[in-house]
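What follows is a set of notes on a single structure, which appears directly below.
A, B, ... follow the sequence lines: proteins, then strands. Residue 1 opens every chain.
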Protein chains: 2
Amino acid sequence: MPPQRATTVAERLRLMSGELTAAERKLMAALFANYPMAGLGSITGFAREADVSTPSVLRLAKKLGFSGFPAFQEELRSELSAQLQNPIAKHDRWAAEAPDTHILNTFATAAMENLSGSLKLMDHRAFDAIVGLMADRKRKVFVAGGRITGAIAAYLVTHLQMARPGVSLMPSTPTVWPQYLIDTDKNDVLLFFDIRRYDARMLDLAASARERGATIVLITDQWISPIARLAVHSIPLRIEAPSSWDSNVVPLFLAEALVAATVNASWHETEARIAEIETLSDSERRGK
Amino acid sequence: MPPQRATTVAERLRLMSGELTAAERKLMAALFANYPMAGLGSITGFAREADVSTPSVLRLAKKLGFSGFPAFQEELRSELSAQLQNPIAKHDRWAAEAPDTHILNTFATAAMENLSGSLKLMDHRAFDAIVGLMADRKRKVFVAGGRITGAIAAYLVTHLQMARPGVSLMPSTPTVWPQYLIDTDKNDVLLFFDIRRYDARMLDLAASARERGATIVLITDQWISPIARLAVHSIPLRIEAPSSWDSNVVPLFLAEALVAATVNASWHETEARIAEIETLSDSERRGK
DNA sequence: TGAAGCCTGTCAAATTCGTTACAGTGGTTG
DNA sequence: CAACCACTGTAACGAATTTGACAGGCTTCA
């Protein structure tokens, strides 16, 4: 009884995804989260799972061309039994609909391996120590990144500035570095992102800062930047990708984890600050 | 509510096969004929399939230890979904040395779930279509991001510029946007990163660009930015994190995958360019 | 042959489910 | 700012399902 035998429900949903309403998109997400099992229970159960009302489920089923919810379910069941009958359609793929060799799948595998590989190697005490440095408001924090990692550094700074004062991004132009170094003393922290094709000028910057007594912290790759010899803590990450360039997914992950841990470590000081930032950006938005 | 989680319904049936009555054995045969789909419809349908009365089905379910037919069905469904589930969902701790509750582990879990959840939802044809747009050198490409996603946008631009000419980052200051819009025509592509706390000014920018005939592409979160209605292709991603802010790990992942796919799609044009960039940056480095 | 015990189907009650109708909400347009 | 539109949830209805009670039938054994 399916309107078009050619396409699966998943396929049809993806094709229509542009024309779906908010509630329908919730349902789509819930269905894909555990496809197609989520749709095989009662209509109320499915609705509850997606946090929508029952009629919304019905409306989606009709939008997809079915006469009612039971018809929708029957189609799901027949898809499923077809799929179970040829066990060749095994599910090791990440992006369900794309072939194994699709770049989304090869990239996802690499990202997963990078993340789990990085974490297996990671010294969580070094991580905690770095968080301790970041959470200490008596210290100024500078973050530096190279040509590629600069964006990650900027991302970290944007978030860290919301969590505490005294955070700056080292500009990518070496000519202005002296202006930053002059204000650096032995209480301050310099966090470097330095991965493959290590930048010699970053090493110089680290050396100068070290001479002024600053604490050097390093996020690097598994081949380890020369800055490591100047750093109190170094965290090596896996960054391989099936691409012409390395992947910075794990460095970004680490940046986010550092921010979250820093916020946790000084929550009573941070809470008010975050609330205040919310207020300011709201009023700015209204002002426009 | 299965009596013993350890065994499957099929298992239990086989063990009890000696004590089954004639009607129950019919049901068992019908169920095994296409397991477990036959049991997932209505109780009447199942009974008819086995050529037995409805109450016989109920009696079998109770004999197996279930409270009723729905409970029996739910067990079948959960068996099936466990069988189809991606094995990656299972994890012990990621960071071996740290406790489960350490932020590295909770963050890693969230990141993995975000990534696999995003991929399940993703329409790979939309991805391929976007790659097609990016690989087309007749089109200029502009990338825009908000306060937070600006860093991701910058990262994408940095890489895309190495792959092809005509790529620009939209500055974060709206006042200069007209200078960019003036050079935009119907061949051009505007890629937006817009996630939660959607920026109204970004929507305005998208609308203006759309009026000029530009092609709008959107990377957003699962709640979907209003820009979606102006976009030719929208890709929703999961971005939840145990933190005060959302995670941009998956958006970065997508940016990297887009770059890699774009390079692949036009490798013969790109190869020389990348080599040349290498040469230039080497000589610049030596010149310093 | 008759009686007891178990099995199975019919029937009807109760519950749950799917569906429709309607009203409230938020956003947009003139 | 009002009128409109699209979307979503609440509530009520009707339908289908699940379930319990009952009775007929088959087998077994005295």
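Remark: A:Glu256 engages A:Tyr155, A:Leu252, B:Phe107, B:Ser247, B:Asn248, B:Val249 in a side-chain contact (heavy atoms from CB on, under 4.5 Å) (not counting sequence neighbours). Residues meeting the side-chain contact (heavy atoms from CB on, under 4.5 Å) test with B:Leu203, sequence neighbours left out: B:Pro226, B:Ile227, B:Leu230. Scored by the side-chain contact (heavy atoms from CB on, under 4.5 Å) test, A:Ala50 finds A:Leu27, A:Ala30, A:Val52 as partners (sequence neighbours excluded). Here B:Thr173 pairs with B:Pro171, B:Thr175, B:Val176 under the side-chain contact (heavy atoms from CB on, under 4.5 Å) rule; sequence neighbours left out. Under the side-chain hydrogen bond (donor to acceptor under 3.5 Å, both in side chains) criterion, A:Lys62 pairs with no residue, sequence neighbours left out.
Comment: B:Glu24 engages B:Lys63 in a salt bridge, judged by a side-chain N to carboxylate O separation of less than 4.0 angstrom. The pair B:Asp136-B:Arg139 meets the salt-bridge criterion, since a charged nitrogen lies less than 4.0 angstrom from a carboxylate oxygen.
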Can you check nucleotides 12-18 of chain C for protein contacts, nitrogen or oxygen pairs under 3.5 Å, and list what you find?
| unit_1 | atom_1 | unit_2 | atom_2 | d |
| --- | --- | --- | --- | --- |
| C:dG18 | OP2 | A:Ile43 | N | 2.7 |

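Annotation: ring pair (Phe, Tyr, Trp, His ring centres under 6.0 Å) contacts involving residues 28-52 of chain B, sequence neighbours excluded, comprise B:Phe32-B:Tyr35. The salt bridge (Lys or Arg N to Asp or Glu O under 4.0 Å) analysis of residues 224-252 of chain B, with sequence neighbours excluded, yields the pairs B:Arg196-B:Asp246, B:Arg238-B:Glu240. Listed by first then second residue, pairs satisfying salt bridge (Lys or Arg N to Asp or Glu O under 4.0 Å) with a partner in residues 181-195 of chain B read B:Lys140-B:Asp188, not counting sequence neighbours. Identified under the ring pair (Phe, Tyr, Trp, His ring centres under 6.0 Å) test for residues 228-252 of chain B, with sequence neighbours left out: A:His159-B:Trp245.
Separating the CZ atom of B:Phe46 from the P atom of D:dT17 is a distance of 15 Å, rounded to the nearest angstrom. The interatomic distance linking B:Lys63 (NZ) with C:dC6 (P) rounds to 12 Å, in whole Å. For B:Trp223 and D:dT8, the CH2 to C1' distance is 19 Å, given to the nearest whole Å. Across the protein-nucleic acid pair, A:Leu60 atom CG and D:dC7 atom C1' stand 14 Å apart, rounded to whole Å.
Phosphate proximity of C:dT20 to A:Lys62: present, with a side-chain N or O under 4.0 Å from OP1 or OP2. Contact check, A:Ser53 against D:dT10: no side-chain N or O comes under 4.0 Å of OP1 or OP2. Distances shorter than 4.0 Å separate some side-chain N or O of A:Ser56 from OP1 or OP2 on D:dG9.
Between A:Pro55 and B:Glu24, the one whose closest nucleotide on DNA chain C sits nearer the 5' end is B:Glu24.
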- Item | Under 4.0 Å protein heavy-atom contact, by nucleotide of nucleotides 22-30 of chain C - B base, S sugar-phosphate only | ------S--

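Taken residue by residue, residues 230-239 of chain B places no heavy atom nearer than 4.0 Å to DNA chain D.
Using a 4.0 Å heavy-atom criterion, one finds that A:Val57 contacts no nucleic acid atom at all.
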